[in-house]
Every structure is written in C-alpha cells, then in structure tokens.
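Note sheet for the following structure.
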Amino acid sequence: MKKKLIGFMVAAALCLGGAAHAEEGGKLAHQYWPERGVFGKYDMASVQRGFQVYREVCSNCHSLKLMSYRDLKGLGYTDAQVKAVASAYTVQDGPNDEGEMFDRPARPSDRFHSPFANDKAARAANGGALPPDMSLLANARPGGPDYIYGILTGYGTAPADVKMTPGLYWNDTFPGHQIAMPQPLSDGQVTYSNGDAASTQQAARDVAQFLDWASNPHMEARKAMGIKVILFMLFFVGIMRAAKRKVWADVH
Amino acid sequence: MGSTKDGATRRDFLYLTAGAMGAVAVGTAAVPLVSSMNPAADTLALSTAEVDLSHIEVGQRVVAVWRGKPIFIDHRSAEEVKEVRAEVDWHTLRDPQSDASRVKEGHDQWLVMIGICTHLGCIPKGSKQGDPRGEFGGWFCPCHGSEYDRSGRIRKGPAPRNLEVPPYKFVSDTLIRIG
Amino acid sequence: MSRPANTQKFDNCLIQWIDERLPIFTMLTKEYGVFPMPKNANYLWSFGGIALTMLIIMIVTGVFLAMNYTPNTALAFDSVQRTMRDVNYGWLLRYVHMNGASFFFIAVYIHIFRGLYYGSYKSPRELLWIVGVVILILMMATAFMGYALPWSQMSGWGATVITSLFSAIPVIGDGLVTWLWGGFSVANPTLNRFFSLHFLLPFVILGVVFIHVWALHVTGSNNPTGVEPKSEKDTLPFHPYFTVKDSYALVTFMTIFLSVVFFAPLALTEPDHFKHFNPMQTPPEIVPEWYFLPFYAILRSFTHDIYIPFTDIIILPAKLQGVMGMFGSLLLLMVLPWLDTSKVKSARYRPVYKWCLLLLLVSLCVLGYVGSQPAGGSLAVVGQVATAYYFLHFIVLVPVLGFVEKTCPVPASISDDPCCKH
C-alpha cells in the first residue's frame with residue numbers, strides 16, 4: 001500500500017516537476033541486507049547457511065513449491081552436491097508399466113519436496129493454521145527480509161493485559177501480535193558446517209537472506225545487465241542531445 | 001566556409017552514431033525475445049532419462065521416451081547380431097555405418113535409437129509384435145515407405161539417413177542413461 | 001506509365017518502382033519528412049511518440065510472455081513464476097511488461113495534460129481529442145484485465161471489485177456481472193476471457209491510434225501559443241527537426257524506464273501480488289495500480305444515498321452514484337471541446353484558467369493519495385472535496401471562464417511570440 005503511494009507520488013512528481021516525499025513508518029526494525037539496494041549482491045555464504053536452516057527447520061512445515069533442486073546451483077553448489085541434496089528426498093512418480101504409482105529418490109529436476117500433501121493436510125497438522133509457501137515470501141510480505149527476521153526474532157511473553165488465544169504465541173512483529181507458529185528457532189538449534197552453533201539472530205538472518213534469494217533468484221544477473229544497459233543508454237542520451245542541438249542550432 | 005563544412009561533418013557523425021546506437025539498442029532488445037523461445041531451464045533439466053533394461057527379453061523391442069521423443073530399444077540375440085553384420089557390406093549403404101559403430105562395445109546386443117524416421121519425422125512401425133517390419137526385418141515407416149534393417153540403417157525408401165543413435169551410456173549392465 | 005498526380009519522384013529506382021504501385025514512400029515523406037510542425041512545439045509534444053513506443057513495447061513483450069502463460073486458474077500463477085524463474089530472460093520480459101504499463105500511463109497522462117494546458121482539444125481538433133479519450137478508456141480496460149492474469153490475491157480481488165461495479169446498474173446489473181464473470185464468482189471462465197481480451201485489445205488500441213494520428217495529420221499539431229501556423233516561417237519540416245528532438249526525448253524516457261526495470265522492478269507492486277488468489281479471503285487492503293487511484297477515490301467519494309425529498313424512497317443509491325461518478329469523470333473529457341467556451345486555446349494567455357488547471361492537477365494528486373489509503377475516516381472528506389473540484393472544474397469553471405476571463409493578448413502568429421525567439 002505504501003509502495004502504491006510511493007508509485008503515485010513518483011508519477012505526481014513527474015507531472016509537477018516537484019519532489020515527492022513518502023512518509024516512513026511501520027514497526028519493522030530495518031536491518032542491513034547486502035542484496036537490497038541498487039548495486040547489492042547476495043552474501044552467498046549466508047544464503048547457503050540459510051538454506052541449511054530452511055532444510056533443518058522451516059521445511060518441516062513450509063513448502064518451497066516453486067523451487068527445484070537444480071535451482072540450488074545458483075547458490076554455488078556443484079551438480080554432485082545438488083544431486084546428493086535431492087536424493088535425500090523421496091518423490092512419487094508413475095504410473096509405471098503396471099499402472100502403479102511408485103516412490104523414487106528425487107532428482108535435480110524435481111520440485112522441492114513439500115511437507116504436506118495439500119493445504120488441508122497442512123492445516124490439519126498445524127491446528128487449523130496454514131504454513132504459507134515460502135517460494136515468494138520475501139516479496140509477499142511488506143518489508144521482505146526485515147519482516148522474516150522480525151518474526152523469527154520477535155517471540156516473547158505477552159504483556160500482562162493481553163488475553164492470549166489458546167494455541168497462539170506472542171510475537172512483536174506479527175500483525176496483531178498473536179501468531180500460530182510456535183517459536184521455530186532457538187540458540188544453538190542449527191549447527192553450521194564449520195561447527196558453530198548458530199544463535200537465533202544468526203539463523204534468522206541467514207534464512208531471511210536465503211528466502212530473499214529464493215524469491216528473486218535472478219537479481220544479481222538483473223543488476224549486472226542493468227548497469228551495462230544504463231551506461232549504454234546514458235551515452236545514447238548524450239549523443240541524441242548533441243545531435244538535437246546540432247540540428248536545431250540554425251533555427252531562429 | 002570551413003566551419004560550415006566541419007559542422008556538416010560533425011552533424012553526419014552524430015547522425016551516424018545515433019543511428020548505429022539505435023540499431024544496436026533494437027538489435028540487443030531482440031536477443032531476450034528470441035532467446036526466450038529456446039528451451040527453458042526446466043525443460044533442459046529433463047533432458048536425461050534412465051531406462052532399466054533388466055526386464056527386456058531377448059528378441060523384445062520396447063519404446064522408451066526421452067525429451068518427448070520415442071526411443072527404440074531392441075534386445076537382439078547373438079545370432080541376429082551376427083546375421084545383420086554379415087548380410088551386407090555396409091560401405092555400400094546409403095548412409096554407410098557398421099552395426100558395431102551403432103552400439104556400445106560389449107553391449108552389442110542392445111540397439112538404442114531415436115525412433116523418428118529421418119525422412120519427415122514419422123515414427124516407424126516394427127516395435128510391436130505384428131507390426132510390419134519391412135523387407136529387412138527392421139522398421140518400416142508407414143508415411144512414405146522407408147525401410148530400415150535390424151541395425152536401424154536405411155535400406156530402401158526416401159529417408160536419407162539411418163535412425164539416429166542418441167547419446168547414452170551404460171550405467172550398469174542393465175541400466176542406461178540417455179542424454 | 002503515367003504517375004498519379006499525388007506521388008513524387010525518388011532517385012532510388014527500387015523505391016520509385018514500389019512507390020508507383022504503392023505510394024508508401026510518398027506518404028512517409030509527406031507525413032514524416034516535410035510535414036510542417038509548428039517550430040515552437042516543446043518537449044511535451046514528444047509524449048505522443050513516446051506513448052506509441054510504449055504501446056509497441058507492451059505488444060511485443062506481451063506476445064512473448066503469452067507464449068509461456070497458461071490461462072487456467074490452477075496453473076496461471078505457476079506459469080507466470082515459471083516465466084520468472086526458468087524461461088530465458090523471462091524475468092526481463094515480465095519486468096518490462098509490468099513496469100511498461102506504468103510508464104505507458106505516465107506518458108499518456110503527460111500527453112493528456114499537455115492537451116488540456118494548450119487547448120489541443122479545441123476546434124478543429126475535437127475529433128482527434130475524442131479518439132484520444134477512447135484510447136485512454138481502452139488502455140484502462142486492457143491494463144485492468146492484464147493485472148488479473150497472474151492470478152494473485154491482487155489480481156483476483158481487483159477483478160472482483162471492478163467487475164462488481166457493474167452491479168450498481170439498476171435492473172440488469174446483477175445479470176451483467178454474472179455475464180462478465182461467466183459464472184457466479186471470478187473464476188476460470190473469467191480468467192480465460194480476460195486473457196483473450198487482454199491479447200486482443202492492444203491491437204484494437206493500435207488501430208485507434210492509427211485513426212488518432214490520421215486525424216492529427218489532417219489538422220496538424222497544436223503549439224504552445226495555440227495560434228495556428230500562418231506561414232512557412234511558423235513551421236519546420238518534421239524531419240530532421242522533430243525526428244531528432246522526439247528521439248532525444250524518447251531515449252531519455254527509456255533510460256528512466258529501464259532504470260526502474262533493472263533496479264527497482266517491484267517498486268510499484270504490492271506484496272499481495274505475490275500470493276496466489278484465494279477466493280475465500282480478501283487481503284486487508286486492496287489498492288488498484290497507481291494510475292487508477294484518482295478514479296478509485298472518486299468511486300469511493302459518494303457515500304450518501306439520495307432520497308426523494310421528504311420520503312424514504314432512494315432514487316440514487318450511493319453505489320450507483322460512485323459508479324456514475326467514476327465513469328462520468330472519463331466521459332466528461334469527451335464533451336470537453338464543447339464545455340470550453342473560451343476563444344483562446346493556450347492556457348499561457350489565460351491567467352485564471354491556468355490556476356484552475358493547476359488546482360485540477362492538485363486535486364487529482366490528492367485523489368490519488370486518498371485512493372491509496374484505507375477507506376473511511378477524515379480522509380474521505382478530503383477526497384470528496386477533491387472530487388467536487390474535479391466536476392466543478394469541468395462542468396462549471398471551464399464553461400463560465402470562457403465568458404468572464406480577461407485573457408492576455410495573443411500573438412498574431414507563432415513567429416511573433418516573444419517566448420519563441422531563439
């Protein structure tokens with residue numbers, strides 16, 4: 001909604017030739033994300049750690065339906081590593097020549113394994129709440145990675161005057177503050193491959209970056225191409241400006 | 001006078017540069033458009049297929065699928081291999097290829113080919129029991145009457161080339177990976 | 001072979017051969033080579049060409065996107081995401097297309113504002129202007145249906161709300177909405193027809209643009225003085241003067257556009273546009289795209305039913321008023337050439353109208369802001385005031401000013417205009 005407003009203001013500013021000022025606000029604490037910003041790039045080490053957090057924690061309830069295992073090559077994994085990750089999961093294939101469905105290890109071309117067969121099964125297993133698919137989570141929430149980080153680190157005890165609904169948990173970031181997801185991360189829950197036990201904040205940061213990457217896998221390619229295109233265009237503008245001045249020089 | 005001439009040169013230079021840049025811009029813009037019609041990443045990821053050979057009997061022909069195309073797999077007997085290699089001097093064929101060059105060494109009984117007629121893309125008959133197999137006992141294309149032998153080589157009819165052998169390898173004695 | 005009288009002679013014999021049979025080169029020379037343009041036309045006159053370029057970009061990227069799109073409620077969202085993730089440069093095509101819609105509207109809105117400011121809608125260009133309003137309405141319909149195609153929460157609910165507007169029409173309203181939907185809610189039949197029409201309408205727009213340009217080349221372009229060119233001194237040949245000027249403006253506009261495409265492609269997009277449509281759950285705030293916001297605010301400004309005095313009989317329910325207000329705000333533009341009674345075209349010589357027009361722009365911006373905010377509250381009153389001004393401007397101020405406004409002296413010809421001495 002705020003974005004919409006900014007968009008309108010930009011348009012209005014173009015009409016008026018004046019400057020537009022969009023008001024800042026919201027409860028989210030702003031973090032530094034290396035990938036956000038005009039020339040930002042992903043911190044791939046963090047994104048890889050974030051994938052580990054997703055795999056060990058989030059994936060128990062949250063699907064990543066739009067991603068395939070082969071996409072992990074974008075994280076810097078080799079073909080063999082991707083294959084190894086994929087083969088740890090079982091997918092249903094078929095029907096075979098006998099007309100029966102059968103299970104086989106996942107291949108890199110398969111979509112990520114979903115924890116539940118369908119939305120209803122997911123609700124049934126989670127007290128009626130649907131764990132959202134995470135493929136586009138960083139784009140689908142205002143604040144993106146700030147929001148994800150805020151939720152994961154926002155658990156606490158409810159103020160005394162708030163009556164909590166049974167089955168819900170207090171969260172400083174969540175709109176309405178009562179969230180159905182129990183606190184997913186705790187200090188030391190995930191041990192990274194270098195032997196470090198991750199703090200809640202570290203794991204939340206890493207997984208927020210991983211999900212930002214999952215939502216925008218071509219971001220680095222886009223910005224790299226953008227720089228070349230804009231440099232070309234600026235030069236083009238310069239040439240056109242010179243040509244225009246030259247042609248119009250003799251008009252009186 | 002001199003300044004007018006310089007002015008005209010400068011103007012021509014700017015025109016040419018602007019025109020060239022415009023052409024480059026439009027040409028570059030066409031690249032993503034054309035490129036988007038090439039196979040996408042998900043299509044490319046499906047470009048290998050594994051086929052289990054363990055339940056294909058000697059003398060049996062089966063059709064597998066790879067990249068949406070039929071793959072003919074023929075489990076030939078040892079005598080059949082001997083016969084097909086002896087029946088004709090392969091140098092005299094339209095598309096001269098030896099049978100040995102069309103199979104993997106050590107797996108001479110397994111013939112693996114893309115089941116698409118090299119004439120105009122129909123699927124030749126001959127894989128099922130009771131199909132017409134043509135004069136040479138291989139495959140027969142019903143569209144324009146091309147006849148292939150038991151090595152999948154073109155022997156008669158309009159097709160210019162032998163049935164194509166796809167890139168594949170034996171992962172084990174009973175499992176091949178195509179692509 | 002005797003040449004028709006209205007063709008000319010070319011040096012190149014191939015061109016000559018073609019031109020004798022199909023005088024396309026004669027036409028191009030006449031309309032874009034020697035075509036007389038008022039020499040004082042400023043950069044605001046470049047936005048017609050810019051808008052046409054945006055239309056072509058939208059059609060080209062749209063055709064390639066359609067190659068990867070599946071108009072089925074079960075598959076639409078995923079097929080768009082497959083385009084974004086797997087198709088070669090699919091992300092680029094989509095970002096150009098989705099931001100291209102915004103920049104198309106920016107160009108067209110500037111183009112319209114230029115017409116309002118310099119009186120380009122007045123005689124002899126009334127029909128040219130009306131055809132332009134038709135293009136605007138077609139563009140809005142196309143943009144609205146295109147927004148539905150990704151089948152996100154914003155798509156589905158936007159489609160639901162806007163199609164439901166038609167239910168305000170007395171008697172036939174409900175049946176009309178069912179007809180639009182092809183069912184009893186926004187569902188697969190709706191998506192299918194939206195895709196079909198979203199593909200068709202841009203080509204219709206292209207045809208109407210052709211008529212628009214045709215009409216323009218009959219009357220010639222207006223200019224900042226509003227005085228029609230009187231002699232050759234007042235004009236310049238279109239080529240090279242305006243080809244190069246318009247190209248300069250176009251390349252500059254494209255640079256801004258591409259900066260957004262590559263570095264802030266989601267700046268104009270709502271988070272809810274990344275969630276799959278759920279017909280059972282409306283997002284807490286649904287907001288149309290920025291270019292619809294002023295009209296959306298006009299729609300919401302009508303909150304009181306109108307009764308027959310001293311009875312309880314509603315003659316005009318608020319909902320119907322809103323719909324009439326919204327469509328009326330566009331249709332009003334159609335009759336603008338006859339609402340404006342002033343003999344002076346350009347606002348440059350109309351000191352009062354100039355300020356009224358600025359106030360109209362402000363009220364549109366205010367409406368845009370109000371439209372972006374949640375319904376209700378004190379802002380609703382602000383929106384109502386701005387809506388009132390919008391209609392007051394066109395229905396009262398524009399006709400009355402023609403009679404009462406004391407205009408400044410208008411130059412005898414373009415060349416006599418002190419502003420355009422170079």
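We name chains A, B, ... by the order of the sequence lines, and we start the count at 1 in each one.
- Proximity to chain C (any heavy atom under 4.5 Å) is shown, for A:Pro142, by both the backbone and the side chain.
- Taking OG of A:Ser215 as the reference point, atom CZ of C:Arg85 lies at 6.5 Å (rounded to 0.5 Å).
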side-chain contact (heavy atoms from CB on, under 4.5 Å) between C:Leu266 and A:Asn216: does it pass, once the steps are laid out?
CA-CA 11 Å; C:Leu266 302 179; A:Asn216 304 290; 4.1 Å; yes
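- At most 12 heavy atoms of other shown residues, nucleotides or ligands fall within 6.0 angstrom of atom CD in C:Glu232.
- Of the atoms belonging to A:Val229, it is side-chain heavy atoms, and not backbone ones, that fall under 4.5 Å from chain C.
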Residue pair A:Met225, C:Leu92: steps toward the side-chain contact (heavy atoms from CB on, under 4.5 Å) verdict:
CA-CA 10 Å; A:Met225 190 191 289; C:Leu92 179 57; 4.0 Å; yes
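- Heavy atoms closer than 4.5 Å to chain A are found in the side chain of C:Tyr95, but not in its backbone.
- When each of A:Arg245, A:Arg241, A:Lys65 is checked for heavy-atom pairs under 4.5 Å with chain C, A:Arg241 comes out on top.
- Residues C:Leu258 and A:Met233 share a closest heavy-atom pair of CD1-CG, 4.0 Å.
- Here the OG1 atom belonging to C:Thr255 is positioned 13.0 Å from the CZ atom belonging to A:Phe235, to the nearest 0.5 angstrom.
- Of all the listed residues (A:Met219, A:Met240, A:Arg222), the one sharing the greatest number of non-hydrogen pairs under 4.5 Å with chain C is A:Arg222.
- If you measure heavy-atom distances from C:Met84 to chain A, the contacts under 4.5 Å come from the backbone alone.
- Within 6.0 Å of the NZ atom in A:Lys223, the count of heavy atoms belonging to other residues, nucleotides or ligands exceeds 12.
- Between C:Lys275 and A:Arg141 there is a side-chain heavy-atom pair separated by less than 4.5 Å.
- A salt bridge links A:Arg70 with C:Asp86; the closest basic N to acidic carboxylate O contact falls under 4.0 Å.
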Derivation of the side-chain contact (heavy atoms from CB on, under 4.5 Å) call for C:Phe263 and A:Ile230
CA-CA 10 Å; C:Phe263 295 106; A:Ile230 297 304; 3.8 Å; yes
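- Only the backbone of A:Ala214 comes within contact range of chain C, with heavy atoms under 4.5 Å apart.
- Between A:Ile239 and C:Val251, the closest side-chain pair of non-hydrogen atoms is not below 4.5 Å.
- For C:Leu236, the part sitting under 4.5 Å from any heavy atom of chain A is the side chain, from C-beta outward, and nothing else.
- Relative orientation of the C:Trp91 and A:His218 rings is parallel, given thresholds of 30° and 60° on the angle between their planes.
- Of all heavy-atom pairs between A:Leu136 and C:Phe77, the closest is CD1-CZ, 3.7 Å.
- The number of heavy atoms from other shown groups lying within 6.0 Å of OH (C:Tyr89) does not exceed 12.
- Ring pair C:Phe242/A:Trp248: centre-to-centre distance below 6.0 Å.
- In terms of heavy-atom pairs under 4.5 Å with chain C, the best-connected choice from A:Ile227, A:Asp71, A:Leu234 is A:Ile227.
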